[in-house]
Amino acid sequence: MIGFLLRGVLRDKSRFLFPFSVVTIGVALVVSLVGFMEGVFMGMIDMTANLDAGHLRLVNKPFYDEEHLRPLDRSLAGQKETRVWLKKNSPEQVEWFPRIRWGAILDVPDENGETLSQTPVVGMALDLKTKNSMELKRMKMEESLVSGRLPESPNEMLMGDQLAETLGVGLGQSVTVLGQSFDGGMVADNYKIIGLVKFGVSAMDKKMVLIDISDAQNSFYMEDMITDWLGFLPPQYSLEEYEVVKKDMQEPLKRWIASPPESWAKDDHPLLLSVRDQQNIGAIADKFYVIQSFVVGIFTFLMILVLWNAGILSGIHRYGEMGLRLAFGEPHWKLILTLGIEGLMVGILGAIAGSIFGGAYTYFLQEVGFNMGDNFAQTGMMINDVVRARLTIGGFVQAVLPGIFASVAGTLVASLAIYKRSEANLFRELEAG
Amino acid sequence: MNWDIAKKNFYRQGMRAFLNVLVTALSIISLIFMLSLLNGFQAQATRNLVATDVGGGHYRVPGFDILSPTEWEDHTLKPDESLLKLSDKDKAEVLVQQGQLYPNRRLYPVQIRGVSMEQSLLSLPLDNLKKYGEQIEDVIPGVVGVKMARKAHLKKGDILTLKWRDKSGAVDARDILIVDVGDMVNPRVDDGVVWLRLDHLRSMTDRQGEVSWVAVRNYMGPIDGVEFQTVEILMADLLALLKQDRMNSKILWAILMILVCTSVFNTQILNIFKRQKEVGTLMALGMEPMRIVRIFTLEGALAAIWALVIAALLGVPFFIWFQGVGFDVSHLSEASFPIRETIYPDYQPKEIFYSLLIVVFLVVMAAWLPVKKIIRLDPTLALRGRAIT
Amino acid sequence: MNKNLIKLKHVSKVFKVGEENFTALHDVSLEIDSGAFMSFVGPSGSGKTTLLNLIGGLDVPTTGDIYFKEEGLSSMSREQMARYRRENIGFIFQTYNLLPVYSVYENVLFPLLLNGEKEKDVQERVMDIVTKVGLESQAKKRPSQLSGGQCQRVAIARALVKDPLLILADEPTANLDSENSLQILELMRELNQQYQAAVVFSTHDEKVTRYVRREVKLEDGRIVSDKNNINGIA
Amino acid sequence: MKAAFIKTSVVLVCLLTLVAPCVAEEINAQKLLEQLDENLWANKKFISGRLIIDNGRKIRTLTQDSWMEGATRSYSHYKSPAREKGTKMLKIGGKLWMYTPRTDRKILIAGHLLRQSMMGSDLSYEDMMEDHKLSHAYAASVEKMEEFEGVQCAVLHLVAHDKKTTYQTRKAWVNPITKIVLKEERFAKSGKILKRILYKDYKKIEDRLFPHTMIFKDLLKENTKTTYKFDVIQFDIEIPARYFSQSILKR
């Protein structure tokens, strides 16, 4: 029966093509739309998470309180022990990466090694040397590299391209980091600029340098110490799920603090934060989802409307057929049932096609993005210059379900018109048509 | 008569016509809303920036860069006479210096910003500073913003040490009394900023008569020794961001309009399909095909016209209500936007007019495209309902 | 009177059906006088509807010429054709083809408005003719509320109201029962006499042929006979 | 390096040593300062000492050798801990350079960097950069007599002549009998106290009483202090000329 119906549906252009294309377009639009909105929003969240906040973040409270100073003397000791603890007390999907946020003065020498200029920089240290590490992927290191390469040897540095331009330094040049070590001692260490990066985040491209975490620990004398642990969940986890993980970890954390490792200073007190807790992302996220569901709602509504029209249209095309089938003795309800099934089939086919088109387009936007660089060049905010869409399961669900529903609902609403017609009328129209 | 027949036909569609209208109306409302909210946002952000910092632009000491604190001390001067003779409501002298605050005896680098107490160009919550005299008594009165107070754990009445350098480079430090924690509205003059009386800051740093910039109400033309920075330059980052937001919301809206137009287009196709006999009849009665197209287009356009009416009926009360309630964006002020807790949409008649024009145009186009083929319709086939299949 | 209203000279009409050509009319020449009351008779597919459509300016011949009062229709633009129909021709269809959104009165009024009349100027005239077709009491009803016979009366009124020189009626009685058919024919005869409008039917209805004064028989697109009907009731 | 602290202390110590015969009744503070400078800065000195820096969370100890000539030249060489070993600081006139073997570079300490804490201590690089004789930089007067750690001290009030002098006022607690300084305070222009230095463990070296411990405290910060202990002090030694040339700033 289904196969029979399907054959009918596929052969009849007017019965199939129009509603099919409407569902396809509708689903494709919603997939792209949700992808676009998610992309803009999650792009911001992820940018913040990847570069700065993590999905989860374990940080020493004394450090967090004075983050603006980047007080390395408030770092958390016991890196190895902490790693073990984190592994043990968090779900296994969470990957933890150590980071060091530091700040220092960068001394640029002239060709004689005399100080040419000095400028304060913001520094981040992370694992840059493990090939193909998630950390590199997360930071999109390879893609962000404008020239040069990633660090391989000790004391190699990546520099924001705009910063390099301001300082007038280039690849291969050696610069000296002047700062304070963990215990307040003086740090002076040479780094060779081996790569220029452009994250598209002006705040970073203008101010930031990146070094490997082992180099940082070496330079700043932070043996077995870091300032931050960033925890990342796989992409399919939502913002809400970060909260759950965070909540589940609070109890063990309390116990841990109650009997702290020996390496900790007496006022050390690790805090566990989620990305929501930082930079007010929680409130922004809440509002975003309200707006998103509102937009998707309007879309679904519109799609039903369009499909309703399409249903009526195909219904009219088929008055004759309907009359004939009624004449053959098919009851009304069965007629409507088959129409419903046809609607479902068109809906499913349309949803598949729409998912493919919308998905492909969204994928394209996700991979390529479209550059709004000029607008952001000077904003200095944590927003990416390139807006990318994001393909999510949620996006498909939000598009496919309404698409199929709209198709069925549209057909059924339209079929009510047929239901109301008498056999005789349908027959006459069969003759006339 | 075209109008009459179009109208009657339009109403005959019943529910579907209404839903088309409703959706179009909602699209119109959402467009106006989005744009107005952004306007409101921009207007408020601009107003706040202008009111707290930018004024009508700055006459700045050349080379002064707010992002290079270590160089602030090297970029001050005594402003030109022509600036000084401006009235206090047309100018505000501002001196910015680097300092170190010691809340809980931990170092906190701050921007010390002195502004003249007489000025009324900038509106800042510095009333409590005005009560103090020109001479510094035993403590320096200072005001910090809410955000700064939270970050540095300060409250009204706190006394803590402020350290700075005077013009000669001598180190100086005194106790500062937080006489008020004010709502600065603009995070840029809140975060990491300690506000002092200009006369106090000048005497503290031994910079009598000096400024980092003079904010003015109106551009005065070029003045020797200082360079003018326009409001646009001073607000460049915010304006760029808003441009981005506008673009994003336009993309959303464009997609929405595509669907609206698809719906109207689709309705029209249905219309001519269902009514081709009628079209044939009208032709037989001697109506010119162009006129039939006009009627059908008009029918489709009625969706737009009614949408305008519905949008007005639903939208106006909504907008009025919203104007009273506002949109809570307290989260944004955390994220360094110069915005208060609530923004109110700013409805701009011209913009709304153009938006409506676009909507009507698009809908009319969507109504016209499918019916324009009526011109080429064979009346004999149309009469038999076989012209379009 | 008796002057040629319509003149067809060697008119042929060829339709493309799929890949093949179908000749609906073969070299038809014919004249229709003012005030005629005549019919085209023939089996289904004999070309009578095509002939009516050509005369009515709804279609154009493949070859040959049609003249309306010596004026060639083939040289007219679409707009001029529309004007020609509007001013001179009244159509009556088998399926009535009333405008569903309008009342009886409005449907009849419609052609006058198309001709640029003001409603208040012609109100009386419209009501007159509505009364004449016996629908005075139904004037405010919509077509969907009327019976078939009543609908056809409206169509007649609509065709007549603008005082056309020619009324083309394509199987006007096909959808009606005998009684209604007779009433309609009777009505048309009366009106033909009263208004002096030529009426051309296409039909295969015996009842109709009994009424007309002239009967043109068509077969396979050719005129096979053209004779005056001295027995015609008219 | 450490020249500054030493200088300050030595100035005061020498001052006291010299003026000791004059006794306490009629102390000409300004004259004492001048005599002190004359005596002090003529000297070439060598000091080997330990710098103990307590930042409130951790205590670090650095050892260094310093050579000084007058007020304007000094050269310090760090010997431990391992990571500071080989770090050199050279002051010539108004300029300060640092050399670290790790970077193998000489870095000019200037501008903003000068105000930063030196080696995490309670002293800034700027504190070290003082190159004025005290008697030139300050006008001295006896403020009062006050007991400090059981000793009746003259409290000298020093006021800077030049507005550019970092600390516009200082106070020194001087034992008028032993002619040693026990405590010094440095003030902001406003008179707010910023730093306190305690001088302890006075021992006699070549007829001079010289402190072997100095404790510096930045009073704006909490729980921090820097202790300087002198293990070897030599006066009037020969200093190789290359010590005060930039060429020393290499491995």
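Protein chains get the first letters and strands the later ones, always in sequence-line order, with residue 1 at the start of each.
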From B/Asn104 atom CG to D/Lys221 atom NZ, the distance as rounded to the nearest 0.5 Å: 15.0 Å
Please check if the number of heavy atoms outside [X] that lie under 6.0 Å from its [atom1] is greater than 12.
{"X": "B/Gln135", "atom1": "CD", "value": "no"}
{"X": "D/Lys225", "atom1": "NZ", "value": "no"}
{"X": "B/Glu134", "atom1": "CD", "value": "no"}

Donor-acceptor contact below 3.5 Å, side chain B/Arg165 vs main chain D/Thr166: no
Side chain, backbone, both or neither: which part of [X] has an atom under 4.5 Å from a heavy atom of chain D?
{"X": "B/Gln100", "result": "neither"}
{"X": "B/Glu73", "result": "side chain"}
{"X": "B/Lys167", "result": "neither"}

Winner by heavy-atom pair count (cut-off under 4.5 Å) against chain B, out of D/Lys189, D/Gln168, D/Lys164, D/Glu222: D/Lys189
Nearest heavy-atom neighbours spanning D/Ala188 and B/Ala173: CB-N, 3.0 Å
Lys/Arg-Asp/Glu bridge criterion (N-O < 4.0 Å) met for D/Lys163, B/Asp166: no
Portion of D/Leu194 that has a non-hydrogen atom of chain B nearer than 4.5 angstrom: side chain
Pairs of heavy atoms under 4.5 Å with chain D: top-ranked of B/Glu71, B/Gln98, B/Met204: B/Gln98
